[in-house]
S.K.: 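Before anything else, here's the structure in question.
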Number of protein chains: 2
Amino acid sequence: MSCSTTLKNKGYRLTPQRRLILDIIHEADVHLTAEAILGQLEDRISGVNKSTVYRTLELLEGLGLVVKSDICGGRVYHHAEEGHHHHLVCKSCGRQFHCDEAVLEPLKESLREKLGFEADLNHHIIRGLCAACQS
Amino acid sequence: MSCSTTLKNKGYRLTPQRRLILDIIHEADVHLTAEAILGQLEDRISGVNKSTVYRTLELLEGLGLVVKSDICGGRVYHHAEEGHHHHLVCKSCGRQFHCDEAVLEPLKESLREKLGFEADLNHHIIRGLCAACQS
DNA sequence: TATCTTATTGCAACAGGATGCAATTGCAAT
DNA sequence: ATTGCAATTGCATCCTGTTGCAATAAGATA
């Protein structure tokens with residue numbers, strides 16, 4: 001089921017702006033800032049306002065179609081189906097490392113069993129010190 | 001060792017603004033927004049600029065004296081010695097729950113052993129669905 | 001106490017993000 | 001095709017947080 005169909009089925013309108021934002025996000029293989037999305041949008045149709053971009057991204061995130069995360073002091077977005085991956089961010093050198101989902105699974109189960117809390121650890125960010133910076 | 005002494009020992013100047021910000025944070029038993037800190041600061045000395053507040057908070061956070069976290073779309077600060085506690089935030093109803101440090105310990109060890117990454121899970125925020133909202 | 005160095009501040013401007021309102025428009029019904 | 005409803009947008013403004021620069025001041029030294 002495409003994202004456009006999801007929007008329609010949930011009663012939202014499929015405006016040209018929303019279609020294009022979805023296209024831009026689908027085509028991207030990197031995380032995009034709102035600004036980048038706005039830039040690409042302006043290349044395709046003129047007169048789009050940034051508030052529309054922010055609103056659309058908020059809507060898409062709320063519907064689970066887009067994932068928003070804060071990395072390196074900036075906010076980025078990517079498609080929700082891109083797969084689950086997590087970032088370990090070193091507070092000292094700023095580098096990012098990939099972290100397998102399997103590592104977070106025990107925590108997820110623990111929270112579920114002990115507290116009845118269904119954690120959403122999709123695209124979770126964990127800060128700390130990388131091996132190189134610990135010395 | 002007091003926070004003021006820490007600042008001095010690390011070569012930073014103890015300006016009146018910094019002293020007062022430290023006082024305000026020490027006196028507070030709740031998380032404070034930058035705006036709240038600025039407001040209380042203005043009650044004590046006049047003419048303080050918000051950029052000073054933000055800069056001081058950044059400095060204190062960098063020195064580990066203050067903890068900054070993002071809760072409910074806003075950024076709050078509290079004293080670093082307040083103790084380790086973690087927030088489970090429900091994405092549906094917005095409520096927050098306390099989570100024991102022991103729950104995060106296995107993850108911390110896992111990251112250390114498998115990836116050599118020393119995770120800083122102090123005041124970590126985990127989003128998901130609480131028991132009530134899962135039905 | 002006076003002087004000096006330079007860290008720190010206030011200020012203005014800026015950037016990213018959010019909001020209220022009137023105009024516009026998507027889309028269902030006819 | 002036309003109409004009507006209300007969702008959505010553009011616009012202006014606001015809010016939170018950041019940055020560069022000149023003025024100010026903390027604190028060390030004599």
Side-chain angles (χ1 to χ4, degrees), chain A residues 2-25 31-42 44-63 65-77 94, chain B residues 2-25 31-42 44-63 65-77 94:
Chain A
S2 75
C3 295
S4 300
T5 311
T6 302
L7 274 192
K8 285 196 68 173
N9 287 348
K10 287 191 177 273
Y12 294 100
R13 301 186 180 185
L14 259 190
T15 65
Q17 295 89 333
R18 287 175 176 175
R19 287 178 192 276
L20 285 174
I21 289 173
L22 279 171
D23 287 346
I24 288 165
I25 290 174
H31 296 18
L32 294 168
T33 63
E35 189 188 41
I37 293 168
L38 179 60
Q40 290 188 34
L41 207 48
E42 283 166 344
R44 303 180 184 203
I45 54 175
S46 62
V48 186
N49 191 273
K50 68 173 178 174
S51 63
T52 298
V53 174
Y54 283 112
R55 284 177 171 135
T56 302
L57 291 173
E58 281 301 303
L59 174 66
L60 297 177
E61 191 209 11
L63 295 178
L65 302 176
V66 162
V67 175
K68 175 173 66 175
S69 49
D70 294 294
I71 296 188
C72 303
R75 184 181 293 180
V76 295
Y77 303 84
Chain B
S2 75
C3 295
S4 300
T5 310
T6 302
L7 274 192
K8 283 197 71 174
N9 288 347
K10 288 192 177 266
Y12 295 101
R13 299 186 183 183
L14 259 191
T15 65
Q17 293 92 335
R18 289 177 174 173
R19 286 178 193 275
L20 285 174
I21 289 172
L22 279 171
D23 286 347
I24 289 164
I25 290 173
H31 296 18
L32 293 169
T33 63
E35 189 188 42
I37 292 169
L38 180 60
Q40 290 187 35
L41 206 50
E42 284 165 343
R44 304 183 184 200
I45 54 174
S46 64
V48 186
N49 192 274
K50 66 173 179 173
S51 61
T52 299
V53 174
Y54 283 110
R55 283 178 173 134
T56 303
L57 291 172
E58 282 302 302
L59 172 67
L60 296 178
E61 190 208 11
L63 294 179
L65 301 178
V66 162
V67 176
K68 175 173 67 173
S69 49
D70 294 294
I71 297 188
C72 304
R75 183 182 294 179
V76 293
Y77 303 84

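Order of the sequence lines sets the chain letters (A, B, ...), proteins ahead of strands, with each chain counted from 1. It should be emphasised that the depicted structure is a prediction, and the values quoted were computed from it without experimental measurement. Just so it is clear, the values below take in all heavy atoms, side chains as well, and ignore hydrogens, waters and symmetry mates.
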S.K.: Using the side-chain heavy atoms of A:Thr15, tell me which of these nucleotides is nearest: D:dA6, D:dT9, C:dG10.
M.R.: D:dT9
S.K.: From C-beta outward on B:Arg75, which listed nucleotide comes closest to its side chain: D:dG10, D:dG17, C:dG10?
M.R.: D:dG17
S.K.: How many Å lie between CD on A:Glu61 and P on C:dG17, as a whole number?
M.R.: 12 Å
S.K.: Quick check on C:dG10: is either OP1 or OP2 less than 4.0 Å from any side-chain nitrogen or oxygen of B:Gln17?
M.R.: yes
S.K.: To the nearest Å, give me how far apart CG (A:Leu38) and P (D:dC11) are.
M.R.: 12 Å
S.K.: Using side-chain contact (heavy atoms from CB on, under 4.5 Å), reason through B:Leu59 and B:Tyr12 one step at a time and then give a plain yes or no.
M.R.: CA-CA 10 Å; B:Leu59 172 67; B:Tyr12 295 101; 3.6 Å; yes
S.K.: Is it true that a side-chain atom of A:Ser46 and a backbone atom of A:Glu42 form a donor plus acceptor pair closer than 3.5 Å?
M.R.: no
S.K.: I need the minimum non-hydrogen distance between A:Ala34 and A:Tyr54, along with the two atoms involved.
M.R.: CB-CE2, 3.6 Å
S.K.: Once you round it to whole Å, what is the distance between C1' of C:dT8 and CG of B:Leu22?
M.R.: 15 Å
S.K.: Over its full length, what angle do the end axes of the helix from C:dT1-D:dA30 to C:dT30-D:dA1 make, each axis taken from five pairs and the result rounded to 10 degrees?
M.R.: 20°
S.K.: Examine distances only and state if a side-chain atom of A:Arg18 and a backbone atom of A:Arg13 form a donor-acceptor pair shorter than 3.5 Å.
M.R.: yes
S.K.: Would you mind telling me which residue lines up with the more 5' stretch of DNA chain C, A:Lys8 or B:Tyr12, judged by nearest nucleotide?
M.R.: B:Tyr12
S.K.: Less than 4.0 angstrom between a side-chain N/O of B:Tyr54 and OP1 or OP2 of D:dT18, yes or no?
M.R.: no
S.K.: Do other residues, nucleotides or ligands put more than 12 heavy atoms under 6.0 Å from A:Glu61 CD?
M.R.: yes
S.K.: Select from A:Lys50 and B:Asn49 the residue whose nearest nucleotide in DNA chain C is closer to the 5' end of that strand.
M.R.: B:Asn49
S.K.: Between B:Lys10 (NZ) and C:dT8 (P), how many Å, whole number?
M.R.: 14 Å
S.K.: What is the separation between atom CZ on B:Arg13 and atom C1' on D:dA28, rounded to the nearest whole Å?
M.R.: 9 Å
S.K.: Which nucleotide in the list C:dT9, D:dA26, D:dT9 gets nearest to the side chain of A:Arg18?
M.R.: D:dT9
S.K.: Mind checking A:Gly47 for me? I need base, sugar-phosphate or nothing, with any heavy atom below 4.0 Å counting as a touch.
M.R.: sugar-phosphate
S.K.: On the side chain of A:Arg55, is there an atom forming a donor-acceptor pair with the base of D:dG10 - under 3.5 Å, no angle test?
M.R.: yes
S.K.: Expressed as a whole number of angstroms, how long is the span from A:Leu57:CG to D:dT9:P?
M.R.: 11 Å
S.K.: Using side-chain contact (heavy atoms from CB on, under 4.5 Å), reason through B:Leu60 and B:Cys3 one step at a time and then give a plain yes or no.
M.R.: CA-CA 9 Å; B:Leu60 296 178; B:Cys3 295; 5.9 Å; no
S.K.: How far does CG of A:Leu57 sit from OG1 of A:Thr52, to the nearest 0.5 angstrom?
M.R.: 10.5 Å
S.K.: Need to verify one output field. Residue with the more 5' nearest nucleotide on DNA chain D, B:Leu14 or B:Thr33?
M.R.: B:Thr33
S.K.: Does a salt bridge link B:Glu58 with B:Lys68, judged by any charged N lying under 4.0 Å from a carboxylate O?
M.R.: yes
S.K.: Nearest whole Å is fine: how far is C:dG26 P from A:Leu20 CG?
M.R.: 12 Å
S.K.: Write down the distance between CG (B:Leu41) and C1' (C:dT9), rounded to a whole number of angstrom.
M.R.: 12 Å
S.K.: Within the 4.0 Å heavy-atom criterion, would you say A:Ser51 contacts the bases, only the backbone, or no part of the nucleic acid?
M.R.: base
S.K.: Just compare D:dT16, C:dA7, D:dT18 and give me whichever is closest to any side-chain atom of B:Glu35.
M.R.: D:dT16
